[in-house]
Amino acid sequence: MELSGGEILIEALKEEGVEFLFGYPGGAVLHIYDALYEQNSVKHILVRHEQGATHAADGYARATGKPGVVLVTSGPGATNAVTGIATAFMDSIPMVVLSGQVQSRFIGSDAFQEVDCIGITRPCVKHNFLVDSLENFAETMKKAFHVATTGRPGPVVVDIPKDFTAPGVTVPFNYPKTVNMRSYSPAEQGHPGQIRKAVDLILSAKRPMIYSGGGVVLGNAAAQLTEFTELLGYPITQTLMGLGAFPASNKQNLGMLGMHGTYEANMAMHDCDVLIAIGARFDDRVTGEIESFCPDAKIVHVDVDPASISKNVTVDVPIVGNVTHVLDAMIALIKDTGKRADSADLAQWWATIKGWSDMNCMAYQLDDKLIKPQAVVEALWRETKGDAYICSDVGQHQMWAAQFYGFDKPRRWINSGGLGTMGFGLPAAIGVQLAFPDEVVACVTGEASVQMCIQELSTALQYSTPIKVISLNNRYMGMVRQWQEFNYDKRYSHSYMDALPDFVKLAESYGHVGMRIDKPGDVEGALKEAFAMKDRLVFMDFQTDQTENVYPMIEAGKGHHEMRLNPARELA
Amino acid sequence: MRRHVISVLLENESGALSRVSGLFSARGYNIESLTVAATHDPTLSRMTIVTIGTDRIVEQIIKQLNKLVDVVRLTDLTEVAFIEREIMMVKVRAVDAGREELKRMTDIFRGQILDVTDSSYVIELTGDDYKLSGFLDAIGRDNIIEAVRSGATGIARGDKSLKP
């Protein structure tokens, strides 16, 4: 079969089982768009800004586990995509970004809409390819999908000079069935000797703690993690990225750890004698001050990426491998040995933890005049029975969503953890809703974040994605304001959102339903009304308490045992 | 902090060098020198990186390099017996009695004079960092017009090798 480059691209996407292509046309990709016009297998989703395309593809990937695919033009198309690529990179999300490039003979001549896309994206991709001939194009596409989806996943950019997609120029098309890259072979099985060492250590613990991260979600190992944790009867905490991989409703779950984690999770981290880190990367928001991180613990670390091991914290028993395989192997070994940790020690450890849990660190004070943002998230949980896909932006609302929406399943919590990209939530929710048209998808956001990609309300209308936007509007960049209150003597420098639009009218002008809720008593009813509108996007503008802060909090330079608790806790 | 010589076998593709150099600058790693050229197999390049860091940093450097998709294999030569060579060309002021002295010094260090004018020599010298720096000290840094160094290359002793 003789095909042009544009046709090869489409055929490659079909071979890879791609359902959606999130994109925006432009000069360098016109040949590709022409090839797209004639087929129905790959559905193109026209966004309103390339950043939206990358976040939508990213949301799709996080919810489904399949790679998100993006098509953008050269120059500004590519640079607009960079924030979304970096977002996916930091959270290890499989994504393939196809960018147009000027004709190969013009590369380097500062041609119209030319940027060095390979150079610009290099530091924020897992790998990138500049297509150097039409003959190699199909193989390059295969490699791109292979690299993006295997090992520690990540975004891959394929930069495609326009002349290689021209309709008149064809080559024989054969999509490779397998990939052979001598320089790329991600680890699969963990080392059996290391696994045995880890299990010995794990069973010898007096005060064990399991700390799991986004790697468990990405590696589809939630079932294994749950079995492992229940088998051992140990306490477990998750990172922001790991929420849902172990049910929030399970009694062994101490909740999230880190800067805004629970008191019990952080105290248990600090006091544990054996820490079992699974698919987590010891991020600074998790560890707090490294000097006082888990001072008494021997550490086991399971990760697919060798570079994650002993990067920030030196570990005692590293295991490089796919989390699913390693957990399966550890479970089998624990069952084989028949041994368990000393039950008296474990009971005493749980009693200590209960003391910390009794501090009731998440308590907040309700108000009869002002809507408390935490209460909105709790009401959202009740309304959706804890079973919605929750996409979030970045800031206080993100932390409240993470703290107060108990996730019992993986891939339901979709947020930009590593890069912390404001503007992520709405387009990500579009990607999730497209993947699961019959599921409930909500975007928990704030009036600052949502304005960063607000134009995607138009995309949401075009493709009928009935997202419920839960905007916790406190007329501030809340997290900035909180840091300014704590660390800058309440000098609220430029964190005030002045001249806000009327979000109800804004939503309506985009063809959606807008609601404004300003009384605590109206929260429940408004949510009920909004979620009853199953085929409409509803933008809910909750006017919340401007002064509310996210607690507990570990401030910069502090350890897990030095948390700042909500001063209103006693009154609640 | 210790000096490490890391030898890297990588795909001979455009952009591979910038992936390596970009990694060092993005993560704040030190590069003392970096040399690269194609090997006897034209699809592969061999790179020698000299860096200084704590054991922990060097361990990270090696892991991060390994993670680059273009990197096929690598080894820290300073962990094994190895040979290190660097070539240097120095243009020095050579007048009057100094000319004879420079010639003698070049012979002692087993260098060669490549170019001669009324007032200057270009001297070629091969060796490790210790020897080349020793030569520059010996001839007196004030006499040097310019010095060009290639950066170190290295290879393991014995029959071990870096193969794809």
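Residue numbering restarts at 1 for every chain, and letters A, B, ... go by the order of the sequence lines. Note that the structure is predicted; figures quoted are calculated from it, not measured.
Looking at A:Asp305, only its side chain comes within 4.5 Å of chain B, counting heavy atoms on both sides. Neither the backbone nor the side chain of B:Glu13 comes within contact range of chain A; no heavy atom of the residue lies under 4.5 Å from a heavy atom of that chain. Both the backbone and the side chain of B:Thr43 come within less than 4.5 Å of a heavy atom in chain A. Both the backbone and the side chain of B:Val69 come within contact range of chain A, with heavy atoms under 4.5 Å apart. With a 4.5 Å cut-off on non-hydrogen atoms, A:Thr314 touches chain B through its backbone and its side chain both. When heavy atoms are compared at a cutoff of 4.5 Å, A:Ile309 approaches chain B by way of both its backbone and its side chain. Only the side chain of A:Arg122 comes within contact range of chain B, with at least one heavy atom under 4.5 Å from a heavy atom of that chain.
B:Lys131 NZ: more than 12 foreign heavy atoms inside a 6.0 Å radius. Crowding of B:Asp118 atom CG: a count of heavy atoms from other residues, nucleotides or ligands under 6.0 Å not exceeding 12. The local environment of CE in B:Met89 is sparse, with at most 12 non-hydrogen atoms from other residues, nucleotides or ligands closer than 6.0 Å. Applying the 6.0 Å contact sphere to CD1 of B:Ile155 captures no more than 12 heavy atoms from other residues, nucleotides or ligands. Crowding of A:Glu139 atom CD: a count of heavy atoms from other residues, nucleotides or ligands under 6.0 Å not exceeding 12. Environment of NZ in A:Lys298: sparse, with no more than 12 heavy atoms of neighbouring residues, nucleotides or ligands closer than 6.0 Å.
Annotation: side chain of B:Arg73 is not in contact with side chain of A:Arg182 (no heavy-atom distance under 4.5 Å). At a threshold of 4.5 Å between non-hydrogen side-chain atoms, the residues A:His127 and B:Arg19 count as touching. Using a 4.5 Å heavy-atom threshold, the side chains of A:Lys311 and B:Lys63 count as separate.
The main-chain N or O of A:Asn312 is found under 3.5 Å from a side-chain atom of B:Arg56 such that the two form a donor-acceptor pair.
Here A:Ser183 is the residue among A:Ser183, A:Gly151, A:Ser308, A:Pro186 with the most heavy-atom pairs under 4.5 Å with chain B.
Atom OG of residue B:Ser14 and atom CD1 of residue A:Ile118 lie 8.5 Å apart, to the nearest 0.5 angstrom. Atom OH of residue A:Tyr184 and atom NZ of residue B:Lys67 lie 10.5 Å apart, to the nearest 0.5 angstrom.
Nearest heavy atom pair, residue A:Ser310 against residue B:Glu59, reads CB-OE2, 4.2 Å. Nearest approach of B:Gln60 to A:Ala307, heavy atoms of both residues: NE2-O, 2.9 Å.
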